[in-house]
Amino acid sequence: MRPAFAVGLVFAGCCSNVIFLELLARKHPGCGNIVTFAQFLFIAVEGFLFEADLGRKPPAIPLRYYAIMVTMFFTVSVMNNYALNLNIAMPLHMIFRSGSLIASMILGIIILKKRYSMFKYTSIALVSAGIFICTFMSAKQVTSQSSLSEKDGFQAFAWWLLGIGALTFALLMSARMGIFQETLYKKFGKHSKEALFYNHALPLPGFIFLASDIYDHVVLFNKSELYQIPVISVAMPIMWFYLLMNVVTQYVCVRGVFILTTECTSLTVTLVVTLRKFVSLIFSILYFQNPFTPGHCLGTLLVFTGTLMYTEVWKNLGTTKSQLQTDGKKD
């Protein structure tokens with residue numbers, strides 16, 4: 001029941017979060033830093049009040065391990081958000097990040113010495129092919145939609161390549177973090193709320209280096225048009241409303257993910273998150289009318305088919321983590 005509840009949080013929180021993130025990014029593409037900072041601050045304050053008991057409760061997992069996890073988590077969050085400012089469209093952003101399934105399997109084989117069935121390798125090949133097709137089609141769009149000037153076209157493509165590099169790095173780092181979390185929970189037990197707090201509280205000093213950019217966007221957000229919030233009839237700048245809703249839905253999303261990490265293996269968590277991303281992708285395409293070519297459709301179909309081939313994920317949600325780890329070794 002607990003894993004099923006976590007899956008509900010992931011889908012409800014993460015899918016709605018993407019909508020507000022795209023609303024923010026469409027108006028101010030470079031707002032990733034203020035979005036990340038607001039998310040981290042909200043979750044850290046909530047955790048300090050209700051989980052850390054105002055700092056009086058000692059952590060069950062030594063802080064040195066959280067320091068490693070936090071470095072990974074902070075890097076992944078910043079890189080993923082910053083990629084939106086590097087000519088990366090939201091549909092490609094979500095499709096590319098679905099490659100976490102591939103990264104988790106590769107690092108699982110290298111680090112944890114896991115082995116999988118040929119059926120699972122085939123599904124990974126489908127996911128890889130789908131992501132490659134979507135990435136290739138998006139590259140063609142970048143060059144075709146750029147300025148007629150050859151110099152401007154090359155510059156747009158160079159920024160796009162840098163964005164792909166940022167997403168790739170974040171992809172591998174996220175997979176490594178998942179494996180690290182799995183080994184920590186195996187050693188010290190399940191502490192999802194504690195991990196959620198420290199993963200968001202410890203990186204806060206790092207935002208000092210981003211203070212100038214964050215302040216610039218505070219000014220821009222203050223200048224946005226006023227929005228009358230339904231029910232409570234309070235007016236506030238619409239960009240701050242989008243940010244508030246993004247922060248709240250992000251909390252629901254990551255809370256679900258962290259619960260899943262204590263109940264399931266890192267690969268199973270990746271599968272759930274991947275499926276969530278495709279639901280978010282559908283929302284993005286339909287609601288925001290994002291460009292989606294037949295090539296994108298083919299790539300999406302391959303990624304979605306490859307993910308569904310892992311039907312064990314639904315059976316895994318009803319089993320214990322020890323059983324999951326035993327099944328993983330058998331594969």
Exercise for the section: I would like to know whether Gln39 and Asn246 meet side chain to side chain contact (heavy atoms under 4.5 Å, CB included); could you show each step before the answer? Expected result: CA-CA 8 Å; Gln39 292 171 351; Asn246 177 270; 2.6 Å; yes
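- A donor-acceptor pair under 3.5 Å links the side-chain atoms of His217 to the main chain of Gly30, judged by distance alone.
- Atom-to-atom distance recorded for Thr71:OG1 and Leu202:CG is 9.0 Å, nearest 0.5 angstrom.
- Hydrophobic clustering keeps Phe209 apart from Ile34 (ILVMFWY residues linked when any side-chain heavy atoms are closer than 4.5 Å, directly or through intermediates).
- Note that the OG1 atom of Thr168 and the CE atom of Met173 stand 13.0 Å from one another [nearest 0.5 Å].
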Exercise for the section: Take Arg176 and Ile111 through the test side chain to side chain contact (heavy atoms under 4.5 Å, CB included) and record every step on the way to the result. Expected result: CA-CA 9 Å; Arg176 182 64 184 90; Ile111 298 173; 3.3 Å; yes
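- Residues meeting the side-chain hydrogen bond (donor to acceptor under 3.5 Å, both in side chains) test with Trp240, sequence neighbours left out: Asn222.
- Atom SG of Cys14 and atom CG of Leu21 lie 11.5 Å apart (nearest 0.5 Å).
- Ring to ring, Phe74 and Phe207 are close: their centroids are under 6.0 angstrom apart.
- Using a 4.5 Å heavy-atom threshold, the side chains of Ser224 and Leu220 count as separate.
- At least one donor-acceptor pair under 3.5 Å links the side chain of Ser16 to the backbone N or O of Ala12.
- Under the 4.5 Å side-chain heavy-atom criterion for Ile, Leu, Val, Met, Phe, Trp and Tyr, Val248 and Val18 are members of distinct hydrophobic clusters.
- To the nearest 0.5 angstrom, Leu107 atom CG is 12.5 Å from Met177 atom CE.
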Practice task
Go through Met236 and Leu226 one step at a time and tell me if the side chain to side chain contact (heavy atoms under 4.5 Å, CB included) criterion holds.
Solution key: CA-CA 5 Å; Met236 66 185 304; Leu226 291 179; 5.7 Å; no
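- A distance of 12.5 Å separates CG of Leu41 from OG1 of Thr36, quoted to the nearest 0.5 Å.
- The heavy-atom pair separating Phe169 from Met79 by the smallest distance is CD2-CE, 4.1 Å.
- Considering every non-hydrogen atom in both Phe48 and Gly55, the closest pair reads CE1-N, 3.5 Å.
- Leu54 and Phe197 end up in the same hydrophobic cluster when Ile, Leu, Val, Met, Phe, Trp and Tyr side chains are linked at under 4.5 Å.
- Gln181 has its side chain within reach of Tyr185: a pair of non-hydrogen atoms, C-beta onward, lies under 4.5 Å apart.
- Considering only heavy atoms from C-beta on, Leu244 stays 4.5 Å or farther from Phe20 through its side chain.
- The minimum heavy-atom distance linking Ser174 with Val76 is given by the pair N-CG2, 3.6 Å.
- Classification of the Tyr251-Phe42 ring pair by plane angle, with boundaries at 30° and 60°, yields perpendicular.
- Between Met239 and Leu24 the shortest side-chain heavy-atom distance falls below 4.5 Å.
- Put simply, Phe37 and Tyr215 are part of two different groups of oily side chains (I, L, V, M, F, W, Y) that touch within less than 4.5 Å, one to the next.
- Taking the centre of each ring, Phe40 and Phe73 come in below the 6.0 Å mark.
- Hydrophobic clustering of Ile, Leu, Val, Met, Phe, Trp and Tyr side chains at less than 4.5 Å, counting indirect connections, keeps Leu172 apart from Val257.
- Within the structure, side chain to side chain donor-acceptor pair (under 3.5 Å) contacts touching residues 57-69 (residues at least two apart or in different chains) are Glu51-Lys57, Tyr65-Lys187, Tyr66-Glu194.
- Side chain of Asn17 to backbone of Gly13: no donor-acceptor contact under 3.5 angstrom is found.
- Ile214 contributes atom CD1, which lies 10.0 Å from atom CD1 of Ile208 (distance to the nearest 0.5 angstrom).
- Asn33 and Leu210 make their closest contact through OD1-CD1, 3.6 Å (heavy atoms, listed as atom of the first residue, atom of the second, distance).
- His200 contributes a side-chain N or O that, together with a main-chain N or O of Leu196, makes up a donor-acceptor pair within less than 3.5 Å.
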Exercise for the section: Check the pair Leu243, Phe221 against side chain to side chain contact (heavy atoms under 4.5 Å, CB included), reporting the backbone distance first and the verdict last. Expected result: CA-CA 9 Å; Leu243 182 61; Phe221 280 22; 4.0 Å; yes
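- A side chain to side chain contact (heavy atoms under 4.5 Å, CB included) with Met72 is found for exactly one of Ile68, Val70, Thr75, namely Ile68.
- The minimum heavy-atom distance linking Ala6 with Ile259 is given by the pair CB-CG2, 3.7 Å.
- In terms of heavy atoms, Cys253 sits closest to Val10 at O-CG2, 4.2 Å.
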